[in-house]
Amino acid sequence: MRKNWIPSVLILGLIPFSTHAFAQTSVALSGYGTFSGTTSGNGTAVSPANQAGGIIEVRHISNALLGFEATYSFNRANQTYTSPAVAYPQGACPVSDCSTSKETVRGNAHEITLDWVPSIGIGSLRPFGVLGVGALLDVPSQSEVTVTSIGSCPAGVCTGPGVATNTSSTSTSAQAVYVYGAGLDWGLLPHLGLRLQYRGNLYQTPNLTNLFSSANAFTHTAEPMIGAYFNF
């Protein structure tokens, strides 16, 4: 009698992995918001603007463990650079200059990734995870920007407010990006559904200006998303 239970137990154990195990290819289009904090390093603080973007995903699911996707995303990616990262207090000038310089560079971010997507189908729902790597390209939308310096330091003593401006050239920044996240596909029609997703990006701070030193530090961007997918 005990041997008769073995096939039944094996079948029950495979049900979660066999549900929707057939090969499935989909294309998705989603909108998202970017949320990043300020990152400091090498005396420079980098503050990305929180902005909106869009992502296209081409995904193929073979089974619960074998799922992969390629993505392309685009969003505005304005960066504000401040040096020094922390302003000197009144009367604490280091040598001859305690001014604070600030520069905002308008730009666009292009991101391409390849991701592993484990998932499981439960009725019309398919929760999934995302783990991938790719390339992030930050492209300034202007060749020169205005740099504003506030404060001065005559005779070794910080005073202010004194304001001076000059111009600085810009350059494109490219770096690797590491992606993680999770989400849920909700099938509404036979080939159409809603995709809810969170993606987190880890990458080095982009250096779009030739005036300030690179922060040379890792930063994080959170991207909550909502969109639609179409299954072939």
Nearest non-hydrogen partners of A109 and L136, listed with the distance: CB-CD1, 4.2 Å
Heavy atoms from other residues, nucleotides or ligands near NE2 of H191 exceed 12 (cutoff 6.0 Å): no
Are V58 and L114 connected, step by step, through hydrophobic side chains (Ile, Leu, Val, Met, Phe, Trp, Tyr) whose heavy atoms are closer than 4.5 Å? no
Roughly how far apart are N207 CG and T172 OG1, rounded to 0.5 Å? 11.5 Å
Do the side chain of N78 and the main chain of G107 share a donor and acceptor less than 3.5 angstrom apart? yes
Would F232 end up clustered with L29 when hydrophobic side chains under 4.5 Å apart are linked, directly or stepwise? no
Heavy-atom neighbours of R106 CZ exceed 12 at 6.0 Å: no
Decide side-chain contact (heavy atoms from CB on, under 4.5 Å) for T38 and T80; before the verdict, give the C-alpha distance in whole Å, the side-chain angles of both, and the deciding distance to 0.1 Å. CA-CA 9 Å; T38 298; T80 297; over 6 Å; no
What pair of heavy atoms forms the shortest contact from N75 to G53, and how long is it? CB-CA, 3.6 Å
Is atom OH of Y178 surrounded by more than 12 heavy atoms (other residues, nucleotides or ligands) closer than 6.0 Å? no
To the nearest 0.5 Å, what is the distance between OG1 on T170 and CD on Q79? 12.5 Å
Between S30 and A228, the two heavy atoms sitting closest are OG-N, 4.5 Å
Validation row: Y198, Y32 side chains within 4.5 angstrom (heavy atoms): no
Has R126 got its NZ or CZ under 6.0 Å from the middle of the six-membered ring of Y229, at an angle within 45 degrees of the ring axis? no
Spatial distance of atom CG (N231) from atom CG (L189) [nearest 0.5 Å]: 11.0 Å
The single option from D115, I56, V130 that satisfies side-chain contact (heavy atoms from CB on, under 4.5 Å) with T71 is D115
Taking every non-hydrogen atom, the tightest pair across W116 and G67: CD1-O, 3.3 Å
Please confirm whether the backbone N or O of S36 pairs with a side-chain atom of N50, one donor and one acceptor, at under 3.5 Å? yes
Shortest non-hydrogen contact between L208 and S173, atoms and distance: CD2-CB, 3.7 Å
What's the separation between atom CG in L131 and atom OH in Y180, rounded to the nearest 0.5 Å? 11.0 Å
Under a single-linkage definition using a 4.5 Å side-chain heavy-atom cutoff for Ile, Leu, Val, Met, Phe, Trp and Tyr, are I55 and V179 assigned to the same hydrophobic cluster? no
Smallest heavy-atom separation, V105 atom then Y81 atom, equals CG2-CE1, 4.1 Å
Worked verdict on R199 versus M225 for side-chain contact (heavy atoms from CB on, under 4.5 Å): CA-CA 8 Å; R199 293 169 74 94; M225 305 180 177; 3.0 Å; yes
Atom OG1 in T34, atom CD in E223: separation rounded to 0.5 Å? 6.5 Å
What verdict does the side-chain contact (heavy atoms from CB on, under 4.5 Å) test give for F218 and Q175, after you've listed the backbone C-alpha separation in whole Å, the side-chain angles of each residue and the deciding distance to 0.1 Å? CA-CA 11 Å; F218 269 89; Q175 55 273 327; over 6 Å; no
To the nearest 0.5 Å, what is the distance between OG on S26 and CZ on R59? 6.0 Å
Applying the 4.5 Å side-chain criterion to the ILVMFWY set and letting contacts propagate, would V139 and F74 be lumped into a single cluster? no
Could you see if L125 belongs to whatever hydrophobic cluster contains L196? Use Ile, Leu, Val, Met, Phe, Trp, Tyr and a side-chain cutoff under 4.5 Å. yes
Could you check H110, E57, E111 and say which one makes a side-chain hydrogen bond (donor to acceptor under 3.5 Å, both in side chains) with Y72? H110
Would you check, one step at a time, whether the test side-chain contact (heavy atoms from CB on, under 4.5 Å) holds for S141 with R76? CA-CA 10 Å; S141 58; R76 294 286 293 172; 4.3 Å; yes
